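Naming: A, B, ... by sequence-line order, numbering from 1 per chain. Note that this is a predicted model, so its numbers are computed, not measured.
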Amino acid sequence: MACLQPVRGTHDILPKEFRLHRFIGDLAASIAERFGFEEIETPIFEFSEVFERTLGDTSDIVTKEMYTFQDKSGESLTLRPEGTAGVSRMIISNGLTQKLPLKYFYRGPMFRYERPQKGRYRQFHQIGVELLGISQPQADVEVIALANMLLKALEVSGNITLEINTLGNLVSRNHYRKVLVDYFNDHREDLSEDSILRLDKNPLRILDSKDPGDRKLIERAPIFNKYLDSESEIFFASVCRKLDALSISYHVNERLVRGLDYYGHTAFEFKTDALGAQGTVLAGGRYDGLIAQMGGHDTPGVGWAAGLERLSLLIKKEPTRKRPIAIIPVATEQHDLAISIANRMREEGYNIELAYQGNLSKRLKRANRLSCRAAVILGGDELERGKVGIRDFDSGEQMEAELGALSSSLLKFNSDC
RNA sequence: GCGAGCGUAGCUCAGUUGGUUAGAGCACCGGAUUGUGAUUCCGGGGGUCGUGGGUUCAAGUCCCAUCGCUCGCCCCA
């Protein structure tokens, strides 16, 4: 029986949910297009090195969180855990750094070997954008504005707030890290077990700790802003000023950090309180060091990604779709006619449900259940006079129409649901 | 990987201190109505009670293991 279950953390996407995914994805693609971002797709697996190289050997991520396996030739492959590394590899492989700046939108499944939680799965789906080749704050603001516009268009429920922070440039960040490590070392005995480990592996992440004891220490911890050099300061101020100019509201969260070394300057997250512990709906930042770290020419980049599963949980209104019209033969004698009328109407752009089987009552019942707007009823008596019945499911009225002028008679039944 | 809670029909759930043949609503299928949907009435199919083991005269109920789900921790690229 175990084999008939989906693998832990994966799930089937049935039509209702799929419509929602497509709605979000299509809307995102179209808004991205307004900003000049073109949609691309990279493979859903890469040589493991693509991801390992970007992550370094530091964290749990490589050992614990990736879907890594060997293929038949012995190559180590990894199902992509996120989009940026693949896009970066694509840019290097195709020599696209000749044509900077590059603006890409992508969507598709991602894989992480994690324990499932609310809005968090082993196979999940993301949309994302990357803007490469621009080291000025305009790029950061462009991608944030795009994200903001998308969330607004989606009319997502829950209080979504934009939190933003700067991680500074490399010099500032190293300086701050040193100060932070010193501070926490002085209070080592008060740190949680997890955070003592983080002190060595990833000290900035302590600022994100949920442990109440840690949080007290964090409140009094040195703040990043004070250790920014002037370049970092000017950069962040410029991002904020431009957001103000666009009337995009944000909250500066000095504790907002990123785990990996290639991140710098802007980091941002759109968060909601409606999803428990998994409150980040859309997150991104500047990753100027990434492409160089992967072995390409030093190329700045900034982008974000958002999970469709989480976004879906926040969508209030169902996406609409065109209601179909049913073509219903009364008896088997009309089946051939029905299928040819159905196809003709489809060629003219109508959504047509052909009633395949059952008596008239059942066919109508089924058409009704499929939320058809109307039914074209093909009965022997009417057809002899060159007519068909048209039943309006909303009003309950039924009228006759010329078979030859069917298409125009159906025009008024174009509606969404 | 760690912790807690939960697994009874497609869905939501009931099932007494362990006691005969495991129930309801919704959904589905059929009929009333073989040329007219939603309403109504009548009927029907569906379950190895997540799985395996144990205790017991007797287990959906108690115990152990395992799988899964949910929420949280770690991690969050």
Side-chain angles (χ1 to χ4, degrees), chain A residues 1-11 14 50-56 58-66 78 80-88 110-121 124 126 128 192-195 197-198 201-202 205 208-211 214 256-263 267 269 275-280 283-285 287 290 293-294 303-305 307 310 326 328-334 355 358-383 389-398:
Chain A
M1 210 53 179
C3 62
L4 293 181
Q5 293 174 325
V7 174
R8 165 181 285 183
T10 68
H11 61 287
L14 300 178
V50 168
F51 304 109
E52 286 165 1
R53 238 212 266 157
T54 63
L55 297 166
T58 42
S59 49
D60 282 1
I61 293 175
V62 173
T63 54
K64 207 176 95 179
E65 312 279 345
M66 296 206 308
T78 296
R80 62 181 185 191
E82 51 98 29
T84 307
V87 172
S88 299
M110 306 291 167
F111 305 83
R112 295 182 189 178
Y113 193 86
E114 306 179 291
R115 204 90 184 204
Q117 286 175 48
K118 191 182 189 71
R120 187 178 188 181
Y121 304 97
F124 58 105
Q126 280 189 335
S192 67
E193 230 175 281
D194 287 327
S195 286
L197 288 172
R198 281 191 276 238
K201 289 195 298 189
N202 204 343
R205 278 252 137 216
D208 255 356
S209 175
K210 290 166 185 164
D211 182 89
D214 287 349
L256 183 64
V257 292
R258 287 283 114 105
L260 303 172
D261 288 342
Y262 55 74
Y263 279 108
E269 296 187 1
L275 294 179
Q278 307 301 323
T280 301
Y287 50 89
L290 175 62
Q293 192 171 323
M294 290 180 74
W304 53 254
R310 284 188 202 174
I328 302 184
V330 167
T332 49
E333 291 79 66
Q334 290 90 37
N359 59 37
L360 181 56
S361 174
K362 295 209 185 321
R363 295 184 202 218
L364 281 164
K365 190 179 280 194
R366 180 167 165 75
N368 188 57
R369 230 183 2 235
L370 292 169
S371 67
C372 287
R373 178 64 184 81
V376 176
I377 299 168
L378 307 175
D381 298 346
E382 295 92 325
L383 286 169
I390 296 182
R391 185 170 189 80
D392 182 330
F393 278 120
D394 288 359
S395 70
E397 285 168 17
Q398 186 163 331

**Request:** Starting at atom NZ of A/Lys362, determine the distance to atom P of B/G37, rounded to an integer number of angstrom.
**Result:**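 In whole Å, B/G37 P lies 10 Å from A/Lys362 NZ.
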**Request:** Could you tell me which residues satisfy side chain to side chain contact (heavy atoms under 4.5 Å, CB included) with A/Glu382, sequence neighbours excluded, listed by chain and number?
**Result:**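 Counting only residues at least two positions away or on another chain, A/Glu382 forms a side chain to side chain contact (heavy atoms under 4.5 Å, CB included) with A/Arg385, A/Lys387, A/Glu400.
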**Prompt:** Out of B/U36, B/C73, B/C69, which nucleotide sits closest to the side chain of A/Ala277?
**Reply:**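 Nearest to the side chain of A/Ala277 among the choices is B/C73.
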**Prompt:** Do the ring planes of A/Tyr121 and A/His11 sit parallel (below 30°), tilted (30 to 60°) or perpendicular (above 60°)?
**Reply:**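 Ring orientation of A/Tyr121 relative to A/His11: tilted.
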**Prompt:** Under 4.0 angstrom, heavy atoms only, what part of the nucleic acid is A/Asp381 near: base, sugar-phosphate, or nothing?
**Reply:**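 The residue A/Asp381 makes base contact.
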**Prompt:** Got a minute to check which stems RNA chain B is part of, using Watson-Crick or G-U wobble pairs under 3.5 Å, three or more consecutive?
**Reply:**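 For RNA chain B the paired stretches long enough to count as stems (3 pairs minimum) are B:1-7 with B:67-73, B:10-13 with B:23-26, B:28-32 with B:40-44, B:50-54 with B:62-66.
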**Request:** Remember a base hit wins even if backbone is also touched, and classify A/Gly396 as base, sugar-phosphate or nothing at under 4.0 Å, heavy atoms.
**Result:**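 If one applies the 4.0 Å heavy-atom cut-off, A/Gly396 turns out to touch a base.
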**A/Asn368 side-chain proximity, nearest of B/U36, B/A77, B/G37** =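 Nearest nucleotide to the side chain: B/G37.
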**Message:** Heavy atoms only, 4.0 Å cut-off, all strands: where does A/Gly279 land among base, sugar-phosphate and nothing?
**Reply:**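 Counting heavy atoms under 4.0 Å across all strands, no contact is made by A/Gly279.
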**Atom-to-atom span, CD1 of A/Ile377 to C1' of B/G37 - whole angstrom** =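 These atoms are roughly 9 Å apart.
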**Request:** Identify whether any heavy atom of A/Arg8 sits under 4.0 Å from a base atom; if not, whether one sits that close to sugar-phosphate; answer base, sugar-phosphate or nothing.
**Result:**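 Sugar-phosphate contact only - A/Arg8 comes under 4.0 Å of backbone atoms but never of a base.
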**Asked** Mind checking what makes salt bridge (Lys or Arg N to Asp or Glu O under 4.0 Å) contact with A/Glu114, not counting sequence neighbours?
**Response**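 If we apply the salt bridge (Lys or Arg N to Asp or Glu O under 4.0 Å) test to A/Glu114, skipping adjacent residues, the hits are A/Arg120.
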**Request:** Would you indicate what A/Ala367 reaches in the nucleic acid, counting non-hydrogen atoms under 4.0 angstrom: base, sugar-phosphate, or nothing?
**Result:**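 No contact.
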**Request:** Ignoring backbone atoms, establish whether A/Ser361 has a side-chain N or O less than 4.0 Å from OP1 or OP2 of B/G37.
**Result:**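 Answer is yes, contact under 4.0 Å.
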**Item:** Value in whole Å for how far the P atom of B/C2 lies from NZ of A/Lys64
**Value:**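 Nearest whole value for this atom pair: 10 Å.
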**Asked** Base, sugar-phosphate, or nothing for A/Tyr287, non-hydrogen atoms under 4.0 angstrom?
**Response**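 Nothing, no nucleic acid heavy atom in range.
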**Prompt:** Closer than 4.0 Å, any side-chain N/O of A/Arg112 to the OP1 or OP2 of B/C76?
**Reply:**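 A/Arg112 to B/C76 OP1/OP2: no side-chain N or O under 4.0 Å.
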**Prompt:** When we call it a touch if two heavy atoms are under 4.0 Å apart, what does A/Arg198 touch: a base, just sugar-phosphate, or nothing?
**Reply:**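 Sugar-phosphate, backbone atoms only, no base.
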**Request:** Could you tell me whether A/Glu397 contacts a base, only the sugar-phosphate backbone, or nothing, with contacts defined as non-hydrogen atoms closer than 4.0 Å?
**Result:**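 The residue A/Glu397 makes no contact with any strand.
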**Request:** Return the nearest nucleotide to the side chain of A/Arg115; candidates are B/G72, B/G37, B/A77.
**Result:**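 Selected nucleotide (nearest to the side chain): B/G72.
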**Asked** What is the distance from CZ of A/Arg369 to P of B/G37, rounded to the nearest Å?
**Response**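 So the two atoms are 13 Å apart, to the nearest Å.
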**Atom-pair distance (CZ on A/Arg363; P on B/U34), nearest Å** =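 Distance check: A/Arg363 CZ to B/U34 P gives 14 Å.
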**Request:** Would you classify A/Met110 as touching base, sugar-phosphate or nothing, given that sugar-phosphate means primed atoms plus P, OP1 and OP2, and contacts are heavy atoms under 4.0 Å?
**Result:**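 Nothing: the residue A/Met110, judged by heavy atoms under 4.0 Å, touches no strand.
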